[in-house]
Amino acid sequence: METPEINKETVSESKVVSNFIRFIIDRDLESGKHTGVVTRFPPEPNGYLHIGHAKSICLNFGLARDYKGRCHLRFDDTNPVKEDVEYVDSIMDDVRWLGFDWNEHLYYASDYFDKLYSFAEYLIEHGKAFVCDLSFEEMRTYRGTLTVPGKNSPYRDRSVEENLKLFRAMRDGGFPDGSCSLRAKIDMSSPNVNMRDPVIYRIKKTHHHRTGSDWQIYPMYDYTHCISDALEGITHSICTLEFEDHRPLYDWFLDQLPVPCHPQQIEFARLNLTYTVMSKRLLLELVTTGLVKGWDDPRMPTIAGMRRRGFTAAAIREFADRIGVAKASSMVDDELLMFCVREDLNKSAIRAMAVLNPVKLTITNYPEDKVEELEADNNPEDASAGKRMVKFSKTLFIEREDFSENPPKGWFRLGLNNEVRLKHAYYIKCHEAVKDESGEIVELLCTYDPASRGGGTEDGRKVKGTLHWVSAAHAVPVELRLYDRLFTNSDMSVIEEGKSYKDYLNPESLIINTACMAEAALMNVKPGERFQFIRQGYFHVDKDSSEGKPVFNRIISLKDRWIAKSTK
RNA sequence: AGGGAUGUCGUCUAAUGGUAGGACAGCGGAUUCUGGUUCCGUAUGUGAGGGUUCAACUCCUUCCAUCCCUGCCA
């Protein structure tokens with residue numbers, strides 16, 4: 001896997017909007033509870049990072065940046081059956097690409113396995129943990145339900161010596177998977193089911209991506225996470241809302257153990273985006289069933305997917321800043337993400353002309369073999385982007401949609417006898433639309449006004465419509481991949497009775513366009529470059545491109561007020 | 001009477017007892033060699049009831065709605 005350098009775009013200090021977490025930190029700093037801020041981003045390496053993780057990354061690394069503290073990257077790798085180095089690598093890659101740096105603070109929960117084990121013996125010695133022989137089914141029965149208290153395990157009162165002996169036997173591979181577990185001794189009648197003697201170690205004779213076959217037992221999340229935080233001196237341990245019920249357990253472990261500090265767990269609402277799914281399970285399923293072409297499919301909400309699509313890290317960071325942080329569950333309109341992408345690209349993307357659905361246009365009063373070079377600016381938003389020369393001749397291509405024989409009200413593109421401007425070139429008028437037997441237009445016969453060279457005339461007459469175009473003899477064919485939302489349902493958490501998320505797949509989420517004719521310069525582009533195809537949208541050169549065969553991903557179309565108006 | 005949490009424009013989010021503000025989306029207009037960009041304008045909101053207070057999104061109280069929790073997943 002490629003390992004890019006830290007994103008060159010500077011992660012500038014963003015205008016800070018207060019939120020409840022900053023409020024807590026300010027208070028802790030003011031009261032002297034803390035003298036600095038240490039946060040962490042703790043992914044489990046069992047899938048690729050998505051836009052929801054990006055929110056968390058921007059939050060945690062952003063807090064560290066703004067408070068001049070530090071943010072650790074820690075892999076929560078306590079379940080070897082689901083985890084893999086491929087994910088570890090992709091996660092580091094994505095965090096770096098987003099523009100964040102953990103410096104030397106890279107950690108793995110698996111680095112703490114020895115300490116975690118010792119702490120477990122400490123709990124046993126203090127009568128706070130026991131080895132339980134209950135099977136999965138029995139344990140479920142003993143746990144009770146949400147409204148009925150649980151019952152104590154019959155193994156709950158084993159002696160410290162016996163527990164120690166059994167736990168060591170577990171460690172040494174003396175028992176098969178699932179035959180027994182180490183449990184905390186808390187309270188089976190707690191209304192919070194997480195406190196009903198939760199399992200803290202289970203037997204898994206599974207190879208671990210970092211510790212190999214060193215361990216036969218692995219610690220559970222609740223036990224591991226709080227201790228890892230404490231060991232690293234985390235001050236504020238920020239996680240999502242579903243862990244709110246786990247906070248008493250987080251605090252319980254740290255209260256029982258001789259750990260260096262007691263971080264504060266703070267929960268915030270995870271990101272939900274319209275028209276997308278965010279669950280790792282579903283994302284994995286999309287990949288493994290081939291519904292998308294890999295984790296970096298440009299339709300995926302993964303960071304790898306958005307990166308390949310052509311979104312910039314700056315746009316994603318801006319998005320994270322704009323959505324804010326709160327505790328109320330929410331669903332963010334994907335238009336906000338698109339806004340951030342357009343906002344960033346508008347300033348930076350080089351303009352070019354490409355005709356997606358070409359129709360031939362002949363300028364009847366233009367000399368047969370003449371070819372002119374016309375000057376075009378590369379970016380009207382940025383004069384430093386310079387200018388380029390574009391070839392113009394008698395035969396051109398324009399968009400088929402830019403001509404209408406019976407134009408609707410408000411139309412100011414090409415029609416019979418109305419004048420439009422060809423961007424950077426001349427004013428033209430159309431006199432005839434030539435059709436084939438089936439009635440389809442095959443050629444537009446136009447005349448041009450030589451006095452309008454460059455796109456304007458001395459008389460200053462107004463020409464409302466401006467079209468993009470390419471010279472037929474000089475244009476090059478390019479492949480376009482037109483991406484759209486993967487799903488058709490704005491709230492994917494609401495699935496109709498009897499349907500599944502697959503029933504909401506958008507059949508037009510990818511349209512491959514091989515008819516596109518582009519200005520010649522686009523033949524020599526490199527993967528990673530971004531352009532604005534004038535009047536169409538932003539495009540990103542895909543890694544599937546090869547010499548002389550460029551492939552462009554449509555990042556996002558331009559906003560189009562005409563469509564909005566004309567379909568009303 | 002299981003527990004935990006959350007309700008502010010359509011959406012996201014500020015206001016921490018003192019003018020309910022911003023952004024996206026929408027709508028209207030101006031500018032424009034991209035129906036893009038930019039600029040200007042505009043409508044829409046404190047879940048409901050009661051109470052405390054000179055003053056309540058904020059405090060108290062009752063109700064309602066929504067989300068999360070019964071993995072040896074994280």
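Below, chain A is the first sequence line, B the second, and so on; all start at residue 1. Note that the structure is predicted; figures quoted are calculated from it, not measured. Just so you know, these numbers use all the heavy atoms, side chains as well, and skip hydrogens, waters and symmetry mates.
Base contact: Arg413(A) has a heavy atom under 4.0 Å from a base atom. The residue Leu336(A) sits close only to the backbone: its heavy atoms come under 4.0 Å of sugar-phosphate atoms, none of a base. Across all strands shown, Ser190(A) has no heavy atoms under 4.0 Å from either base or sugar-phosphate atoms. At a threshold of 4.0 angstrom between heavy atoms, the contacts of Met338(A) with the nucleic acid are absent. Leu134(A) comes within contact range of at least one nucleobase, with a heavy-atom separation under 4.0 Å. Within 4.0 Å of Gly465(A), counting heavy atoms only, lies no atom of the nucleic acid at all. Nucleic acid contact for His246(A): base, since at least one base atom lies under 4.0 Å from a heavy atom of the residue. In this structure, Phe412(A) reaches the bases: a heavy-atom distance under 4.0 Å links it to at least one base atom across the strands shown.
Note on Lys280(A): every side-chain N or O is 4.0 Å or more away from OP1 and OP2 of rC73(B). Residue Arg421(A) places none of its side-chain N or O atoms closer than 4.0 Å to OP1 or OP2 of rG35(B).
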Tabulated below should be each protein N or O lying under 3.5 Å from an N or O of nucleotides 13-16 of chain B; please produce it.
from	atom 1	to	atom 2	distance (Å)
rA14(B)	OP1	Val325(A)	O	3.2

With the criterion being N/O to N/O and under 3.5 Å, what pairs connect the protein with nucleotides 41-43 of chain B, and how long is each?
none

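Out of rG35(B), rC24(B), rC12(B), the shortest distance to the side chain of Glu335(A) is found at rC24(B). Closest contact between the side chain of Arg202(A) and the listed nucleotides rC73(B), rC24(B), rG36(B) involves rC73(B). The side chain of Arg140(A) lies closest to rG71(B), out of rA25(B), rC73(B), rG71(B). Of the candidates rA74(B), rG35(B), rG71(B), the closest approach to any side-chain atom of Phe243(A) belongs to rA74(B). Among the nucleotides rC72(B), rC69(B), rC73(B), the one closest to the side chain of Val193(A) is rC69(B). Checking rG71(B), rU11(B), rG3(B) against every side-chain atom of Met220(A), the shortest atom distance belongs to rG71(B). Checking rC24(B), rU70(B), rG36(B) against the side-chain heavy atoms of Lys559(A) singles out rG36(B) as nearest. The Leu558(A) side chain lies nearest to rU34(B) when the options are rU34(B), rA74(B), rC12(B). Closest approach to the Arg351(A) side chain among rG36(B), rU70(B), rC12(B) is made by rG36(B) (side chain taken as heavy atoms from C-beta onward). Residue Asn346(A) has its side chain nearest to rG36(B) when only rC73(B), rG35(B), rG36(B) are considered.
Rounded to an integer number of Å, the gap from Asp560(A) CG to rG36(B) C1' is 9 Å. Rounded to an integer number of Å, the gap from Lys423(A) NZ to rU37(B) C1' is 11 Å. We find that CZ of Phe136(A) is positioned 16 Å from P of rU70(B), with the value rounded to whole Å.
Between Asn192(A) and Ser190(A), the side chains place no donor N or O within less than 3.5 Å of an acceptor N or O (distance only, hydrogens not considered). No side-chain donor from either of Asp491(A) and Tyr275(A) sits under 3.5 Å from a side-chain acceptor of the other. Using modelled atom types and a 3.5 Å distance limit, the side chains of Tyr426(A) and Glu372(A) yield a donor-acceptor pair. One side chain, His468(A) or Glu399(A), offers a donor N or O that lies under 3.5 Å from an acceptor on the other. Ser135(A) and Glu138(A) share a donor-acceptor pair across their side chains, judged by distance under 3.5 Å alone. Of the N and O atoms on the side chains of Arg413(A) and Ser404(A), not one donor lies less than 3.5 Å from an acceptor on the other residue. Glu419(A) and Tyr427(A) share no side-chain donor-acceptor pair at under 3.5 Å. With 3.5 Å as the limit, one finds no donor-acceptor pair spanning the side chains of Asn79(A) and Glu44(A). In this model, a donor atom of one side chain and an acceptor atom of the other lie less than 3.5 Å apart for Glu232(A) and Tyr112(A).
Remark: the separation of the C1' atoms in rU8(B) and rG22(B) is 13 Å, to the nearest Å. Rounded to the nearest Å, the gap between the P atom of rC9(B) and that of rG28(B) is 24 Å. A distance of about 33 Å separates the P atoms of rU19(B) and rC27(B), rounded to the whole Å. Using atom C1' as the reference point in both rU46(B) and rU58(B), the two lie 10 Å apart (nearest Å). rC73(B) and rA14(B) have their C1' atoms separated by 37 Å, with the value rounded to a whole Å. Straight-line distance between the C1' atoms of rA65(B) and rA25(B): roughly 25 Å, to the nearest whole Å. Rounded to whole Å, the separation between the P atoms of rG17(B) and rG10(B) comes to 27 Å. Taking atom C1' on both rU11(B) and rG45(B), the two are 12 Å apart, rounded to the nearest angstrom.
Look at Trp562(A) and the base of rG35(B); the rings stack, centres closer than 5.5 Å and planes less than 30° apart. Using a 5.5 Å limit on the distance between ring centres and a 30° limit on the angle between planes, the aromatic ring of Tyr201(A) does not count as stacked on the six-membered base ring of rC72(B).
Among all heavy-atom pairs drawn from Tyr218(A) and Lys204(A), the shortest one is CE1-O, 3.2 Å.
Each of Gly455(A) and Asp76(A) has a nearest nucleotide on RNA chain B; the 5'-most of these lies closest to Gly455(A). Between Glu242(A) and Gly178(A), the one whose closest nucleotide on RNA chain B sits nearer the 5' end is Glu242(A).
Between Tyr87(A) and Phe75(A), the closest side-chain pair of non-hydrogen atoms is not below 4.5 Å.
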Yes or no on side-chain hydrogen bond (donor to acceptor under 3.5 Å, both in side chains) for Asn378(A) and Arg388(A), after CA distance, side-chain angles and deciding distance? CA-CA 7 Å; Asn378(A) 287 327; Arg388(A) 69 184 185 287; 3.0 Å; yes

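Taking the ring axis of Tyr108(A) as reference, the NZ or CZ atom of Arg210(A) stays within 45° of it and closer than 6.0 Å to the ring centre. Remark: Lys151(A) is positioned above the aromatic ring of Tyr142(A), its terminal NZ or CZ atom under 6.0 angstrom from the ring centre and at most 45 degrees off the axis.
The base of rG36(B) has none of its N or O atoms less than 3.5 Å from a complementary donor or acceptor on the side chain of Arg561(A). Judged by atom type and distance alone, Glu244(A) does not reach the base of rG3(B) through any side-chain donor-acceptor pair under 3.5 Å. One N or O donor and one acceptor, one from the side chain of Gln532(A) and one from the base of rU34(B), sit under 3.5 Å apart. Taking only distance into account, the side chain of Asn192(A) never meets the base of rG4(B) through a donor-acceptor pair shorter than 3.5 Å.
Taking syn as a glycosidic angle within 90° of 0, rG22(B) does not qualify and is anti.
Ring geometry, Phe552(A) versus Phe531(A): the interplanar angle exceeds 60°, so the pair is classed perpendicular (tilted spans 30 to 60°).
Taking a pair as Watson-Crick or G-U wobble with both distances under 3.5 Å, the runs of three or more consecutive pairs in RNA chain B are B:2-7 with B:64-69, B:10-13 with B:21-24, B:26-30 with B:38-42, B:47-51 with B:59-63.
Under 4.0 Å is where a charged nitrogen must lie from a carboxylate oxygen, and between Glu285(A) and Lys280(A) no such pair does.
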